[in-house]
Each structure stands twice: as structure tokens, then as C-alpha cells.
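Below, chains carry the letters A, B, ... as their sequence lines are ordered, and counting in each starts from 1.
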Amino acid sequence: MSNTKPILPKGMRDFTSEVMFRRNYIFETVKSAFERYGYAPIETPAMENIGTLTGKYGDEGDRLIFKILNSGDYLSKTDLNDSTTSKSLTKQIVEKALRYDLTVPFARFVVQNRNEITFPFKRYQMQNVWRADRPQKGRYREFYQCDADVIGTDSLLCEVELVQLYDDVCSQLKIPNVDICINNRKVLSGMVELMGATDLFEDVVITLDKLNAIGLEKVKEELLEKGVKSESLSILDTFLNTKTVSDLSSLLEQSEIGKKGLEELQFVIDNVTKLGLQSANLVFDITLARGLNYYTGCILEVKANDVKIGSIGGGGRYDDLTSNFGLKDVSGVGISFGIDRIYLVMEELGLFPNNIDVSTKVMFANFGFDEAAFCLPLLKQLRAAGISSELYPINAKMKKQMTYANNKGVKFVIMVGEDEMESGILSVKNMESGEQSNLSIADLIKQLS
RNA sequence: GUGAUUGUAGCUCAGCUGGUUAGAGCACUGGUUUGUGGUGCCGGGGGUCGUGGGUUCGAGUCCCAUCAGUCACCCCA
């Protein structure tokens, strides 16, 4: 008999019940916030055709897409020769892939279901995504994203709303010291245009994004390496020296796209400021870029400053994502919450309430066949009253039954033996205080509901 | 794809410059009142020391290779 080792593939995780109670707490908080803001749920499948995904995330993104090998005798359909490479072979034997994020499948969904959808369409989606990345802290190969998007309008009020949504959720979860960083891709385009490096936009922007991590000097070195002219760097300096959005207006005077971006940025910041945030800070950050290719306007990223981890959420506006699937002129904007990272932040800061990990509230101890039979209708009544309860399945030793109840966090253990069966009065033990009381089932239900 | 680091019981680890039958805590299990847990006491099971070579009279300990995990870079939630 072969004995398979019980191990998981790299970057994949099991979740114990204890963890799931906590994860669900986050999920519920995010979900109810989404619904409070008028977003409706959808789901898309784990798999997409590979063409749906490639080319949407940048080169690095494409590399990290998990591909699914075709079924059947795929070898007989391949054309192998001397010039065959892994990459060219992949195209012949792979037609499907696991989704890399929720936004691109959503764009596909919108185009495919455009006749069923009323625009502007506000949807939320909470599903797992997969990336063939090297795992490390806060980075997994399978993780959950919770997205809210509005598609079918270019109104900047959506951006304002999404910033509030971020603030709302972080406040409810009581995550302290949260920065919601904001920037605009058009502002970056304007800057890169003035630097005379429009062709290198992606490179410049990705390098710039590392400023906090590697410092200005390294950034400049890297930009020069990538082909940016040295005289352009002084222009970069003037941009980096801006503290507020209004400082940018004179700098971007010469760039149409830059001016447009600035206007957008100003609108969002002004409105958010006017409304006020509960606990998070809205921070303008000229270095915020985001690597995903499809962003075109406002970009957002959320950081929990008290924990050393990547961002716990990100998002932005994409003006043309649906045109990849044949639907033009549909602008969308959305945000994503990284549940797994939020979990780590909350765990590290001890933010989980302690009463979220209880499932069974009442347990009947099992004293034997007749006694168990007596308990079944009582159990039914408790459950009908909405009280989560169970009967220990076998007549095991009391110690074992009590240990089970204790480890499971059961609040009350009910003991029904001969005396209780005769009188109908139950012995109810409070597992926290250790006190025992005698109650009828009606009184117990009254007390617990 | 690049670099660093670790690999001893189910889990967290100890094991000094290589030396007899490899340890602890937790967990599990049995007893300590055969209707009572979480705190006490006594007992028990469980390890080819990641794997494969090498050095040596002798390797958990040293050397090489290999695999796996973790962390960092790249990129990202």
C-alpha cells in the first residue's frame, strides 16, 4: 500500500476552524460594507481561457499566471522541433489558466453579460486568486481578494466613494494608523512626458514605486540603466519635491494629460476631505504607481503602518479594460481588499474580538442509549430556537466528553441521567464559571435567546 | 529567476569542541471519585535525527550533493 505524505504544494494553506472564524469575521465585515454601499455580488469561475488573462498585467504578471495543462493526449497534437521552447510548447498544450485577480475576469464578465447588466454596474466579488510567485510573509500562491468595482461611468464620485469604503472597513476592523495612498496615472504620464521618457513609462513608474524601499539614489541609477536621460532626472526631482497636490499645477502646465490627471486628483481629494474620514488618512503620494498595466486614472493603495507587510489593498481606474473583449468606451474603477494580509495585520496587533470563535453553545452529554433518545427532542427545540447545540455522539467517559466540550469552547453542558429524565429538569453546567443549575428546557431556551 | 537561512517526536525546540540504549515542553492516551472539563500528581505510546553519499574505530554533530521549508530581492494582495 502506498503511503502519500500529507503535505501541501508550496504557497497553499489549510485553514483550521479557529482561523476560519477569524477569516469569516473579516469577510463578513467587508461584505456588509460592500452591500451597504450598494454593490451586488457576482462570482466567476476559477479558470479562464488563458488568452483572457495574458497581456493584462504586464510581463511580470504574465509570468506568474498559473497555467492548466490540457487534458487528454495533448502530446499527439503538438509540433515539436529544434526551435521548440518551453514558451512555444506552452501555447500548444495550455488553453486554460487560474484567475490571477478578480478585475480582469470581471471585465470579461461585463462584456459577456452586457445585455443583462444595467449600467453603471456596481458589483462585489470575494474569491480566491492564484499567482505562481515565490511565497514569503504575507504572500501566498493562493489568496483571497475582495473587490468592489463600478463600471460604466467615469464619474469621479466613484473614486470618492471607494476611498470612503476603505476607510469604513478599516475603521470597523479597528485597524489603526492606516494610510490610503492616492495618485493618478495621468499625473505620472504627464511627468514622464515632461521627462521625455514616454516610451519608458512602465519602467519609470515601476522604478519610482520603489523609492521608499531603495532610496532616491538607487532609483536614479536604475532609471539611467533603463535608458532615461540624465537631464530628465532633474525634472523628476522637482516632482518629488512637491508636498501637496497644488504644487503640481505649475509643473504640469505644459502637459495636457498631466493637467487632466491633476484635476481628477484634486476633485477626489477635495471631496474626501470635505466629507472627512473616520480613522484612515488620505495621503497623496507621487511615487505610487502600481504595477498592473490596466490602470489609467486614479490609483489607490492601502497600508497598515503598524505592521511591516505589503499593502493590504489596492485599486484604481481602468478606462479601457473591456475593450480587450470588444466593448469600447466603458470606464471602470475598483478596489481590492487583501483578506490574507488584513488577517496578518489583525493577528499581529491583536485586533480580533475574542467571542467570534464559538460554534456550539450547548452540548448534551451522552449517558447512554435511552438518555440520548430523551435528549433528541430537546436538542431539536434548542436548534429551532436558533441556539447552536449538539449531542455527544457516544456514551464515552464523562471526562472525555467534558474535555471535548471544553476544547470546543462550548458554553453549557447539559447532563441528563435517570433523575433528570424523571423530573424533566435539566442539569446545566456553565463551562466558564463551573456553576451548575437546574432548569427546564423552556427556561433554558428563554435564558439563552 | 537571484540571494540568505533552517531541516531532530503530531507541534515548538534542546542536544557543549563527533563517543555507550537521542531529550524537554505542549498535544495524545491511561490512572488519580465508575455523573463533571479547564489548575495538581503518577504512568504510557510515539523519532530509519529531511534524503543520498563521504571522512572516521565511531556521525544528530564534520564534508559534499540533493530535496523541502522559511525570509529577502523582483513583483505584488
Side-chain angles (χ1 to χ4, degrees), chain A residues 5-13 16 26 30 57-65 86 99-103 126-147 166 202-203 205-207 209-210 213-214 218 222 288-293 295 300-304 307-315 334-345 363-368 371 392 395-421 426-436:
Chain A
K5 279 189 182 167
I7 47 173
L8 246 23
K10 194 198 285 286
M12 302 287 163
R13 296 163 296 160
T16 61
I26 302 174
V30 173
Y57 304 110
D59 292 341
E60 190 66 18
D62 282 357
R63 201 167 63 86
L64 299 178
I65 294 171
S86 298
R99 61 170 170 254
Y100 178 90
D101 74 349
L102 300 179
T103 307
M126 313 208 295
Q127 291 185 273
N128 43 356
V129 302
W130 293 267
R131 295 184 188 176
D133 216 350
R134 272 253 183 119
Q136 52 188 278
K137 187 182 178 187
R139 169 174 303 186
Y140 309 98
R141 287 185 155 184
E142 180 186 33
F143 61 97
Y144 277 75
Q145 290 192 325
C146 300
D147 277 31
Y166 265 141
E202 289 296 326
D203 283 336
V205 133
I206 284 176
T207 304
D209 205 38
K210 296 181 206 166
I214 63 176
K218 293 263 183 191
E222 200 171 312
L288 177 65
R290 301 195 46 77
L292 271 57
N293 261 349
Y295 291 121
L300 294 167
E301 198 159 290
V302 184
K303 288 171 187 152
V307 177
K308 197 175 168 292
I309 197 170
S311 59
I312 57 174
I335 57 171
S336 181
F337 288 86
I339 287 296
D340 303 271
R341 288 190 176 173
I342 291 175
Y343 183 97
L344 284 174
V345 168
M363 186 191 92
F364 288 92
N366 189 325
F367 284 89
E371 291 86 345
Y392 196 84
N395 178 16
K397 288 189 176 165
M398 250 310 111
K399 176 164 178 150
K400 193 170 166 85
Q401 299 196 36
M402 294 301 283
T403 304
Y404 170 86
N406 189 60
N407 290 349
K408 197 164 174 178
V410 170
K411 291 273 193 294
F412 299 94
V413 170
I414 302 181
M415 271 150 298
V416 180
E418 273 180 38
D419 295 348
E420 287 86 354
M421 281 167 68
L426 313 174
S427 298
V428 180
K429 173 153 180 155
N430 181 323
M431 293 296 280
E432 275 160 19
S433 66
E435 282 167 24
Q436 207 156 312

Inset, instruction - Check whether the aromatic ring of A:Phe143 stacks on the base of B:A77, taking stacking as ring centres less than 5.5 Å apart and planes within 30° of each other. - result: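 A:Phe143 vs B:A77: stacking yes.
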Legend entry - Smallest separation among heavy atoms of A:Gln436 and A:Ser427, with atom names: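 Looking at all heavy atoms of both residues, the closest pair is NE2-CB, 3.9 Å.
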Inset, instruction - Using side chain to side chain contact (heavy atoms under 4.5 Å, CB included) as the criterion, point out the one residue from A:Met402, A:Met363, A:Glu435 that pairs with A:Lys429. - result: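 With A:Lys429 as partner, A:Met402, A:Met363, A:Glu435 yield a single side chain to side chain contact (heavy atoms under 4.5 Å, CB included), made by A:Met402.
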Inset, instruction - Please report, rounded to the nearest Å, how far the P atom of B:G30 is from the NZ atom of A:Lys397. - result: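 Result: 6 Å.
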Inset, instruction - For A:Gln145 and B:A77, give me the distance from atom CD to atom C1', rounded to whole Å. - result: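 Going from A:Gln145 (CD) to B:A77 (C1'), I get 6 Å.
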Inset, instruction - Return one dot-bracket line describing RNA chain B 5' to 3' (Watson-Crick or G-U wobble pairs, both distances under 3.5 Å; ( ) same strand, [ ] crossing, | another strand, . none). - result: (((((((..((((.....[...)))).(((((.......))))).....(((((..]....))))))))))))....
Report, one pair per line, the protein and nucleotides 33-35 of chain B atoms (nitrogen or oxygen only) whose separation is under 3.5 Å.
residue, atom, partner, partner atom, Å
B:G35, O6, A:Glu420, OE1, 3.1
B:G35, N1, A:Glu420, OE1, 3.3
B:G35, N1, A:Glu420, OE2, 3.0
B:G35, N2, A:Glu420, OE2, 3.3

Inset, instruction - Examine A:Tyr144 together with A:Phe337 and report whether their ring centres are nearer than 6.0 Å. - result: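 Ring centroids of A:Tyr144 and A:Phe337 are no less than 6.0 Å from each other.
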Legend entry - B:U70 OP1/OP2 closer than 4.0 Å to side-chain N/O of A:Gln136: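 No, because none of the side-chain N or O atoms of A:Gln136 sits under 4.0 Å from OP1 or OP2 of B:U70.
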Legend entry - Residue list, salt bridge (Lys or Arg N to Asp or Glu O under 4.0 Å) with A:Lys137, at least two apart or on another chain: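 A:Lys137: salt bridge (Lys or Arg N to Asp or Glu O under 4.0 Å) contacts with A:Glu348.
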Inset, instruction - Could you label the plane-to-plane angle of the A:Tyr404 and A:Tyr392 rings as parallel, tilted or perpendicular, counting under 30° as parallel and over 60° as perpendicular? - result: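 Correct class here is perpendicular.
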Inset, instruction - Would you mind checking if A:Arg13 and A:Glu142 are paired as a salt bridge, meaning a charged N to carboxylate O distance below 4.0 Å? - result: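 No salt bridge links A:Glu142 with A:Arg13.
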Legend entry - A:Gln136, CD: over 12 other non-hydrogen atoms inside 6.0 angstrom: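 More than 12 heavy atoms, drawn from other residues, nucleotides or ligands, come within 6.0 Å of this atom.
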Inset, instruction - Go through the N and O atoms of the side chain of A:Lys429 and the base of B:G37, and report whether any donor-acceptor pair is under 3.5 Å. - result: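 Side chain to base: pair present.
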